[in-house]
Amino acid sequence: MQGLAGIKVPVHESDQVCPIHHVHMVYGDKFPQPFCEKCQHEKTLEEKKQFDRINTVKIARGDLRRVSLVDNVSEYNHTFDNFKAVQGSKEWQMKEAARKLAGKYFKDRTAQFNSIMYGTPGEGKTHLAMAMLNAVNQFSEPPQKCLFINVTSLFLAIKDSFDNPLERWTEKYAVKTLSNADLLVIDDLGSESAMSAKKGEASQFVQRILYQVTNRQHRIIVTTNLTLSELRQTYNPKLISRLLAGSKGKQLDFSGIQDKRY
Ligand SMILES: Nc1ncnc2c1ncn2[C@@H]1O[C@H](COP(=O)(O)OP(=O)(O)O)[C@@H](O)[C@H]1O
Ligand SMILES: [Mg+2]
Ligand SMILES: [Zn+2]
């Protein structure tokens, strides 16, 4: 008999027969209670399968923190629960709208539509986008791979990859990773444009990446401090119309909310 560690253990045949496999059970000096080797083998296989299943789920859920690019790691803690909103206020309306959208992405993993949250800084757009991801990430069964990408962090990482061979965020890796997520947040679109050589012109490679990603990825949540018309001036209008594809009724205008930064 194969012991648990794969070591041969001497066993003796018992008179008892397994009711399932109709073979004689066995027992050993250390385990006098007769058991069926076939049952034992099946049990081990089932346990291994269960272990793999749990691990796959853990890995998929862990992607959010392992793969994402955030401006500040504290952003992972943004949830609907810690988003304060007085009932009836604009904050409350945005929270309810974001919750509804998260529900749609959560319930139907094949639903293909983008969402956009726009306004001025400090209104809670990034907070609610992360809250949506956290909710979908936590509750989806089987899990959905959720990815949060801050555009400036992506811009800096890819720039770094040009002369740092250890940087994993190459243009190719970015396109693949962003395209393969089940739900993607593109945070602070336009923020990187201020870093470009020519102010106002979004860096060519971020634009190129997003263009390729929007080809295959149709579940994107965008946050931006630009207006929709500023977005069209900053980026190739074709990219913007792709990003806004299917976002009718999913465009959340945060303007009017007080800046929560201090
Ligand atoms: N309604 C809110 N309740 C709790 N914290 C909030 C709320 N709105 C914004 N914040 C916090 O204020 C800061 C700025 O919000 P953020 O979501 O980054 O704004 P935006 O992305 O619109 O510029 C964050 O730390 C965020 O957690
Ligand atoms: Mg933001
Ligand atoms: Zn058996």
Side-chain angles (χ1 to χ4, degrees), residues 1-2 11 13-28 31 33-47 68-102 115-135 147-156 184-195 202 206 220-228 230-231 234 243 251-262:
M1 172 215 155
Q2 288 289 113
V11 292
E13 197 171 277
S14 144
D15 289 340
Q16 290 183 48
V17 171
C18 167
I20 299 165
H21 297 102
H22 309 293
V23 297
H24 280 278
M25 296 195 186
V26 297
Y27 64 95
F31 23 88
Q33 181 68 37
F35 66 94
C36 166
E37 285 179 300
K38 290 198 170 163
C39 282
Q40 183 60 39
H41 182 64
E42 282 168 11
K43 199 174 145 222
T44 309
L45 282 185
E46 190 42 51
E47 279 169 2
S68 291
L69 289 169
V70 291
D71 193 22
N72 183 320
V73 290
S74 69
E75 290 174 353
Y76 287 122
N77 301 325
H78 296 336
T79 61
F80 286 118
D81 281 347
N82 58 33
F83 188 84
K84 295 190 207 102
V86 176
Q87 189 164 356
S89 66
K90 183 94 195 241
E91 283 90 339
W92 181 80
Q93 289 171 21
M94 295 298 108
K95 182 177 178 173
E96 289 310 300
R99 209 200 285 276
K100 243 194 202 151
L101 290 175
S115 308
I116 183 161
M117 303 175 168
Y118 60 97
T120 51
E123 292 177 329
K125 301 182 295 295
T126 295
H127 189 126
L128 284 178
M130 184 61 92
M132 291 167 77
L133 273 201
N134 270 326
L147 193 63
F148 186 100
I149 299 293
N150 174 270
V151 174
T152 294
S153 308
L154 177 68
F155 172 85
L156 294 174
L184 172 67
V185 167
I186 299 285
D187 181 51
D188 224 351
L189 184 63
S191 61
E192 86 291 358
S193 69
M195 298 186 150
V206 164
I220 307 177
I221 301 162
V222 177
T223 88
T224 182
N225 289 329
L226 302 181
T227 64
L228 298 186
E230 281 169 337
L231 277 179
T234 310
L243 272 177
Q251 302 182 355
L252 310 192
D253 180 359
F254 280 63
S255 60
I257 293 178
Q258 225 190 328
D259 190 344
K260 300 287 191 302
R261 292 180 217 234
Y262 35 86

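In listed order, ligands and their atoms are each counted from 1. None of these values were measured; they are calculated from a predicted model.
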Using distance alone, decide if ligand 1 has a nitrogen or oxygen within less than 3.5 Å of any nitrogen or oxygen in Phe83. no
Counting only pairs under 3.5 Å, give me each side-chain donor-acceptor contact of residues 15-24, with atom names and distances, residues two or more places apart or in other chains.
unit_1: His21; atom_1: NE2; unit_2: Glu42; atom_2: OE2; d: 2.9
unit_1: His24; atom_1: ND1; unit_2: Ser14; atom_2: O; d: 3.0

Validation row: Asp259, Thr120 side chains within 4.5 angstrom (heavy atoms): no
Look at atom 27 (O) of ligand 1 and find which of Lys125, His127, Met130 reaches it with the closest heavy atom. His127
Side chain proximity check, Leu243 to Ile116, heavy atoms < 4.5 angstrom: no
When you measure from the side chain of Asn134 to the backbone of Asn77, do you find a donor-acceptor pair of N or O atoms at a distance under 3.5 Å? no
Using a distance threshold of 2.8 Å, what protein N/O/S atoms lie below it relative to the Zn ion (ligand 3)? Cys18 SG, His21 ND1, Cys36 SG, Cys39 SG
Which label fits His78 and His127: parallel for a plane angle under 30°, tilted from 30 to 60°, or perpendicular past 60°? parallel
Taking every heavy atom of Lys125 against every heavy atom of Tyr118, the minimum-distance pair comes out as CD-C, 3.6 Å
Minimal heavy-atom distance between Phe148 and Ser68, with the atoms involved, is N-OG, 2.9 Å
To check your reading of the model: name the closest protein heavy atom to atom 8 (N) of ligand 1, its residue, and the distance in Å. Lys260 CG, 3.3 Å
What are the atoms of ligand 1, with element, lying closer than 4.0 Å to any heavy atom of Arg261? 14 (C), 18 (O), 19 (O), 20 (P), 23 (O)
For Thr79, the side chain to side chain donor-acceptor pair (under 3.5 Å) test, sequence neighbours excluded, returns Asn82
Donor-acceptor under 3.5 Å (Thr234 side chain, Glu230 main chain): yes
Which one of Gly124, Ala129, Gly119, Ala131 has a non-hydrogen atom at the shortest distance from atom 16 (P) of ligand 1? Gly124
Test item: Leu101 and Ile221 side chains (from C-beta on) under 4.5 Å apart, heavy atoms: no
Enumerate the atoms of ligand 1 whose separation from the nearest heavy atom of Pro121 is less than 4.0 angstrom. 23 (O)
Option with minimal heavy-atom separation from atom 24 (C) of ligand 1, where the choices are Glu123, Lys84, His78: His78
Between Thr223 and Thr126, the two heavy atoms sitting closest are OG1-OG1, 4.1 Å
Under a heavy-atom criterion of less than 4.0 Å, does Asp187 contact ligand 1? no
Can you tell me if Ser153 uses its side chain to pair, donor with acceptor, with the backbone of Ile149 under 3.5 Å? no
Does this structure show an ion pair linking Glu46 with Lys43, if we count only N-O contacts that are shorter than 4.0 Å? no
Return yes or no for this condition: an N or O of Ala85 is under 3.5 Å from an N or O of ligand 1. no
I'd like to know if the side chain of Lys95 and the backbone of Phe80 have a donor-acceptor N/O pair within less than 3.5 Å. yes
Number of protein N/O/S atoms that sit closer than 2.8 Å to the Mg ion (ligand 2): 1
